[in-house]
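What follows is one structure encoded as structure tokens, with my remarks underneath.
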Amino acid sequence: MSFARLLPLLLLVPALSFADADKNFKVAPNQFSTGSVVEPVANMAVEAKGAAMVSQKPVFPLKSNNLYWRHKKGPKEYQWVQGQVNFTNFKKLHAFSLGQAHLSSFEVAQMRFYASQNKKAFQDEDDLYFDKYFIYSPRVPKLFFIKNGKWQILNETDLPGVAVIKSDRKDVYAAFEDAPTKKLPKAVYPLQPDTYVFMFSAPGTLPVADIGVVKSGEVLVMKPQLVAIDADASKAPDLSVGISDVKKTKNLEETEILFDQFIAELQKVVDLVDTNEFVKLYPKMKSAESVGLYSGEPNYETYRSAYEGTRMKAKSDWLNSNMKGVPELNTAFKKKLDSLQALPLRGSMAPTSFEPVTDKVVEGEDSTAAKMKAVRFKFGKDKERFDVAWEGTAKGLTAEELYKLFTEHASEVTVYITIKQNKPVWIRKDGVITGRHHYRYTRIEFEYQGNNMVGLGDFSLPGYIVDEPEVQEWLNHYDAEDIALQQGAAAEAKAKAAAAKESAKNDTVYAKDAYMPEFTKMSIPRIIRDNTFGAVALIDSGMFRYRGSVVRLSPFAIMTTEMTQKLFDQTMLRQQDSTKRIKDRSTFKNPSKPVHNITWDDARAACKLLGGDLPTEAQWEFAGRADNNEGALWTIDETADVGDYAIYRENSYKMGKKSQAYGPQMVASKKPNAWGIYDMSGNVAEWTRDKYFMFSFWVESSNPTGAAMGFSKVYKGGSWKDGESALNLTKSDDEDPRYWSDAIGFRCVFPRKLFEGR
């Protein structure tokens, strides 16, 4: 054979040799035996169960709270066993963090590891242990491996700790920062050495919060003190009101009277319940010193807050256990009140007084020359159920003619008032209902000698009614058709509102143009377009209904689109330290498409680099809903079509991988909301700043910031993979902040002061 013919083969030899330089330093999949018996070894860290352990092939992802043992039986045979942790032997292991080495458990499971670099390909360690986050060696404090044809090293890190929760009950549920709402496992690990706040609950017991410190290589044993609610002590309180009485009420006023009677009697029963018994039963809060902390430390304050909130709920549960039948009765009242309050109300009402309203007299003019512009009627009395005024004219009548009609024929004129929903506001003081007052007035009519004349003007409410958040919210979302019936021409209504605001000297407020704190007067935000920040909407302070409460938000600015790949790349160039630049790992590449495949930590770091942050869930939802009570924007259109607003399952994921519509699309390709903000529903879901925790004891009334404790992070809006129901702006989901997906991206918020003067 000539050299010329041998040359291609000779060139091929080194190519084959270096095709996979790491091959001899990996465990081939066929070398993991299945079904063979694994013999226990000394100091084994996996708990041996039964007479024998059987080898299995590795299955990924690895299960939580399981330790995996890779045992080398022969030169080319490995056994793989999973089980619970043997706590005594676990603390003897050396730990190596996969996260710090940027390795995955799937990757390291197939690697060979060595005690030094002077080892041949098959002289690897006989025994290694794995979990989701660490690899463990029972023998050496350093591990070497081959990667990309070069020796690499793993240095030992702090051995994680283990939390064991012991209880005589099998139905205990435990929640804590790294494992919210998980059913109690035998052991929870690996846990980074730190302070942890636990929440414990079980059916028929009072919930309790506890605190413990996990130390490196140590086992923290938690023994929840769950107090059983004594079912034998529960008995029906002596109440004169029953569910049948609620069903018999004929109207809203009757139901309210009965409800007040129920509450008054219930209060007496509650006052008679000896809460000293609860104090004796319920576990005391641990002192900071008892767990090695100082009072005032953030970790201890987190526990204090959790304990106090949980104790409050436990006390409520304990009181309810002494109130057999009361929750059912309360539900019956709520159902009846809701059904009656949803109905419109129209009835005749005689004015208690009326007077002419004239133009303001200019100084120096004859006061008799002042022209009458409207008639003001007062209905009801101060602090009564109906306490309202109306000012205006009637269709077809001048102000003088309407005033004359009532002056000469008041007894012959019937006034009809329409209330959109028969729902008064309940005003409370120190938990006691002090009054109920109607406020949803929408229409007034005058009937005289068979002629019906619609009123053209405005209702006005006393300040003590308008001050209620429920009333402010309704006034701020007034139905446009009802306004049109009363205000007449828009220009006249604006002039009237301005005049009323300027001349008002008492605490009477117009219902349509009611005085509200500045934060409730919403207008369409200004949009700033900037090379550094992209397009940003400047949001005024405002109020909205969030998680069942009316809350206030301070002004902020938010990106009108999701963070694009182009803007992300530009942002990373601002980072002077190139080693800290975050790589865009988006799968669907396009400068105008949103960044995806990004963790919460990286998303927040990018926003911080721009001088902003991730939005809180409340900020995100407020901006998305655009001062609207609806969570699905398309439902406010005449023809509801989710596809007008969102890239979602039907017009993206279902199109298949061969379609250009598959995956996230270019931002702002669908309709914006009323504030010019795009893709809040669909395209990619978006990280928020808030933590998620299973127990939410309260929502702050101003600038809510989510749970005080927890590990998972909230994301909102649904994505190109989700169905319509998941796109509702009021819904949320949560994930590990280390999680990334081609369905999750982000947008940033900024302080308004960054854009002042622009």
Residue pair [X] / [Y]: nearest heavy atoms and the distance that separates them:
X      : Y      : value
Pro424 : Leu252 : CD-CD2, 3.8 Å
Ile465 : Val425 : CG2-CG1, 4.3 Å
Pro351 : Val415 : CD-CG2, 4.2 Å
Tyr648 : Gly723 : CD1-C, 4.2 Å
Gly676 : Thr560 : O-CB, 3.7 Å
Thr561 : Ala668 : CG2-CB, 4.3 Å

Run the ring pair (Phe, Tyr, Trp, His ring centres under 6.0 Å) test against [X] and tell me which residues pass, sequence neighbours left out.
X      : result
Tyr416 : none
Tyr403 : Phe354
Phe446 : Phe377, Trp390, Phe406

Worksheet item: Taking atom CG of Asp382 as the centre, does the number of heavy atoms from other residues, nucleotides or ligands within less than 6.0 Å exceed 12?
Response: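 Result for CG/Asp382: enclosed.
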Any side-chain heavy atom of [X] sitting closer than 4.5 Å to one from [Y]?
X      : Y      : result
Leu343 : Gln421 : no
Leu614 : Val749 : no
Leu340 : Thr255 : yes
Tyr645 : Ser681 : no
Ile558 : Ile539 : yes
Thr688 : Thr616 : no
Tyr678 : Glu562 : no
Val536 : Cys748 : no

Worksheet item: Do Glu445 and Arg346 pass the salt bridge (Lys or Arg N to Asp or Glu O under 4.0 Å) test, and can you show the C-alpha distance, the side-chain angles, and the key distance before you say yes or no?
Response: CA-CA 10 Å; Glu445 302 161 81; Arg346 181 179 184 270; 3.1 Å; yes
Fill in: Side chains of Glu265 and Ser240, donor plus acceptor under 3.5 Å
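Yes, a side-chain donor-acceptor pair sits under 3.5 Å.
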Fill in: Any side-chain donor near an acceptor of the partner, Thr352 and Lys381, under 3.5 Å
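No.
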Between [X] and [Y], is the ring centre distance below 6.0 Å?
X      : Y      : result
Trp675 : Phe622 : yes
Phe533 : Phe750 : yes
Tyr464 : His437 : yes

Worksheet entry | Leu729 vs Leu633, side chain to side chain contact (heavy atoms under 4.5 Å, CB included): CA-CA, chis, key distance, verdict | CA-CA 9 Å; Leu729 300 175; Leu633 299 179; 4.1 Å; yes
Between [X] and [Y] (salt bridge meaning N to carboxylate O under 4.0 Å), is one present in this structure?
X      : Y      : value
Lys670 : Asp679 : no
Lys404 : Glu400 : no
Glu686 : Arg747 : yes
Asp387 : Lys378 : yes
Asp338 : Lys334 : yes
Arg385 : Glu256 : yes
Asp690 : Lys716 : no

Any donor and acceptor pair, going by atom type alone, linking the side chain of [X] with main-chain N or O of [Y] inside 3.5 Å?
X      : Y      : answer
Asn628 : Arg625 : no
Gln619 : Pro615 : no
Glu401 : Thr398 : yes
Asn673 : Ala623 : yes

Discussion item. I'd like to know whether Asp260 forms a side chain to side chain contact (heavy atoms under 4.5 Å, CB included) with Arg436, so could you lay out the CA-CA distance, the side-chain angles of the two residues, the decisive distance to 0.1 Å, and finally the verdict.
Written reply: CA-CA 12 Å; Asp260 290 344; Arg436 294 182 177 90; 2.7 Å; yes
Fill in: Lys336 vs Thr249, side chain to side chain donor-acceptor pair (under 3.5 Å): CA-CA, chis, key distance, verdict
CA-CA 9 Å; Lys336 187 66 176 279; Thr249 55; 2.8 Å; yes
Just how far is it from atom [atom1] of [X] to atom [atom2] of [Y], taken to the nearest 0.5 Å?
X      : Y      : atom1 : atom2 : answer
Glu355 : Met372 : CD    : CE    : 10.5 Å
Met559 : Ile528 : CE    : CD1   : 14.0 Å
Leu538 : Phe556 : CG    : CZ    : 10.5 Å
Asn251 : Ile257 : CG    : CD1   : 8.0 Å
Asn683 : Asp722 : CG    : CG    : 11.5 Å
Gln341 : Lys423 : CD    : NZ    : 5.0 Å

Practice prompt. Would you sort out whether Thr442 and Ile419 count as a side chain to side chain contact (heavy atoms under 4.5 Å, CB included), showing the intermediate values?
Written response: CA-CA 6 Å; Thr442 58; Ile419 298 176; over 6 Å; no
Item to complete: Apply the test side chain to side chain contact (heavy atoms under 4.5 Å, CB included) to residues Val388 and His438: give CA-CA distance (whole Å), side-chain angles for both, the deciding distance (0.1 Å), then the verdict.
Response: CA-CA 8 Å; Val388 66; His438 279 290; over 6 Å; no
Worksheet item: Which of parallel (below 30°), tilted (30 to 60°) and perpendicular (above 60°) describes Phe333 and Phe259?
Response: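 Rings of Phe333 and Phe259: perpendicular, over 60°.
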Item to complete: Quick one: do Trp620 and Phe746 satisfy ring pair (Phe, Tyr, Trp, His ring centres under 6.0 Å)? Show the steps, please.
Response: CA-CA 11 Å; Trp620 189 97; Phe746 71 104; over 10 Å; no
